[in-house]
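Every chain is numbered from 1, with letters handed out A, B, ... down the list of sequences.
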There are 2 protein chains.
Amino acid sequence: MATLRDVAKVSGVSVMTVSNVVNGRPSVGEATRQRVLEVIAELGYEANLTARRLRAGRSGTLALVVPRIDHPYFGELAARFTDALRPTGRHLVLEQSGASKEGELGALSQARLQQYDGVLLSAVGLQFADVDRLDGGVPLVLLGEKPMPPRFDHVSLGNRAGGRLATAHLLAHGARRVLMLGGTTAPTDGGMGDLRTQGWRDAHADAGVPADPALVVPLAQLEMGWARGVVRGLVTDGPAFDAVFAVTDQVAVGVLAGLRDAGLRVPEDVQVVGFDNLAVGEHVGPGLTTVDPGNDVLVEHAVRLLDRRLAGDAPEAEHVVTPVRLVERGTTR
Amino acid sequence: MATLRDVAKVSGVSVMTVSNVVNGRPSVGEATRQRVLEVIAELGYEANLTARRLRAGRSGTLALVVPRIDHPYFGELAARFTDALRPTGRHLVLEQSGASKEGELGALSQARLQQYDGVLLSAVGLQFADVDRLDGGVPLVLLGEKPMPPRFDHVSLGNRAGGRLATAHLLAHGARRVLMLGGTTAPTDGGMGDLRTQGWRDAHADAGVPADPALVVPLAQLEMGWARGVVRGLVTDGPAFDAVFAVTDQVAVGVLAGLRDAGLRVPEDVQVVGFDNLAVGEHVGPGLTTVDPGNDVLVEHAVRLLDRRLAGDAPEAEHVVTPVRLVERGTTR
DNA sequence: ATCGGATTTGTGAGCGTTCACATGTTGTGA
DNA sequence: TCACAACATGTGAACGCTCACAAATCCGAT
């Protein structure tokens, strides 16, 4: 690989002048610039980003850390961020923190985060303490639901409002026994499950319908297959229900399959609402009614907050909650 | 951030000794090692990966470049690679080359690729020439279907065999007019569409059933929504068909929705087979019959080939094609 | 001629690490 | 007592780049 020095030698100028040309700095004479550019093309020189980063401290690269990229929610989110960042000339790489504790810590090590100008961290699997340990060496914006150290900028979805919206919709359309699938019977980590379940309770209170705790069914995994099996079991052995609020669309797809397995019709026998507004929801079954969590707003704010830090402003941390919106489709009446 | 020098100063040894401790090199006395480790813990020292990479030339980081991470196929693939690589101590970052030409070139620039020890490049949107331009500065394994410069290691799916398998299955189960949705009427770039369509032709030839060219319908986008609309249109205005071979599962999900829109039953009126064996296929409609493209084998070989290059062996490039397998579910009889 | 100022180019150091090698330190046998 | 390993630690340079600053060049105005 050609280096700055090679280019300098061939074009008969100093290394610094070549650097100035490469970086488009103004103080270079037109003739010199042309000559240098020719040599650059000739030698096929490309800047060594590693060296640049070591010296200059920036890399033009941001990272998005997500638990698992094969969860469609994160895939869609990652694509949104990439699209939002591309026009600004920065670029995004994705890191998976993974399910395992070690993978998570590895992804969060200062050593790794240091490599980026800024990090968007989806804190789903992380505990407060894990995140608290990170000393703000790198501009960091947290994404996700859990309570997190307030010194970090933090954008979360309107989980509670969304749960309320979804459940209210079901109750308003005649449901009386709304299964909260993937909820938490007692508050655990203040995460997604807790908040969406709280929204489910809120809606019941609003509507004056008693919220039967037996209808809150936790899920060991928020996966389609798992949810499907659980729903199938609940139809025969569980409490009676005439609607399901699935904690995620992923779960909702499993619910639809499970209800079909059990011979129940949607929405006639059981109504279903999901959460996330995944692309697949539009095309599954009669169309999944779901809560749009405002990912566009999430991305917009996250980028804004990160930019603010990158610009060196260090105002007090902000905590933004996105607005949610119900998307009505065929799984509700 | 603490540096090697800080640690050295505090623990009263030289920088090199600290480096030796950090890298677990053997030539360090036990007492010294302990002291240094203590200081490291005390100062919270973590190695600067950028500096290490600049000096040592390796980073322990591999990259997987995919067109769009929000396509479930790539999400699942990325997760597989991450899982396969984690035990080996290396780690994987994901880059999106994106739909745009510029994004693609950016992701493929030597400058970017240089930052990694090795690169897995999913060459879906790339032309032969784009890839050919890359001079092997970095160990590179190509993934994907298109014809590529033979000097690169290359793993591709058994596209043609898969198309044949899918179509044969339909023909064997009574279908006579199999729509090839997302196929190519004339060979274009030798990519996925061409190959799977060729498989569709193969199966017809095998079965002695005439392959009506009118049944090959290209798709502007391989997306659920788009495919859905096209199918709906074909039911009323297109050639008669009693089965659909969808070029991807993503398309197949759209097909299922489109057929439902048109009031057709699956598999009674129309049978459907997809390609990719995405997780969602199992739970959509009556369960999507699909071709498993052997992603496990893909990953295994890709990692093996990359490791070979990383080890410095430079034997002749290999081109591996994965074995495919039909997964029978409810959308076929 | 001389000067000040703007413009253009060059110099040396250093980012944090690792490499090749030199030096120091200890123990062992003759 | 000395030579010679074997082990332990240290030295200086270098990776390729950018920073702060110094030096050179050019220009018209005095």
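- Going from atom CZ of A/Arg53 over to atom P of C/dT17 covers 15 Å, rounded to whole Å.
- Per the geometry, CG belonging to B/Asn20 stands 14 Å off P belonging to D/dT11, to the nearest Å.
- The environment of CD in B/Glu316 is sparse: at most 12 heavy-atom neighbours from other residues, nucleotides or ligands sit within 6.0 Å.
- Spacing between atom NZ of A/Lys9 and atom P of C/dT9 amounts to 20 Å, rounded to whole angstrom units.
- When the side-chain nitrogen and oxygen atoms of A/Ser14 are compared with OP1 and OP2 of C/dT9, none of them lie within a distance under 4.0 Å.
- Distance check: A/Arg55 CZ to B/Leu54 CG gives 12.5 Å after rounding to the nearest 0.5 Å.
- Of all heavy-atom pairs between B/Val65 and B/Ser97, the closest is CG1-CB, 3.9 Å.
- In this structure, A/Leu43 and A/Val10 approach most closely via the heavy-atom pair CD1-CG2, 4.1 Å.
- As judged by a 4.0 angstrom heavy-atom cut-off over every strand, A/Thr17 is placed among residues touching the sugar-phosphate backbone only.
- Between B/Phe128 and the choices B/Asp130, B/Val131, B/Asp132, the side chain to side chain contact (heavy atoms under 4.5 Å, CB included) rule is met once, by B/Asp132.
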Each nucleotide in nucleotides 14-21 of chain D should get exactly one letter: B, S or -. Can you fill that in based on protein heavy atoms under 4.0 Å?
BBBBBB--

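- When the options A/Arg309, A/Arg304, A/His301 are evaluated for a side-chain hydrogen bond (donor to acceptor under 3.5 Å, both in side chains) with A/Asp153, the one that passes is A/Arg309.
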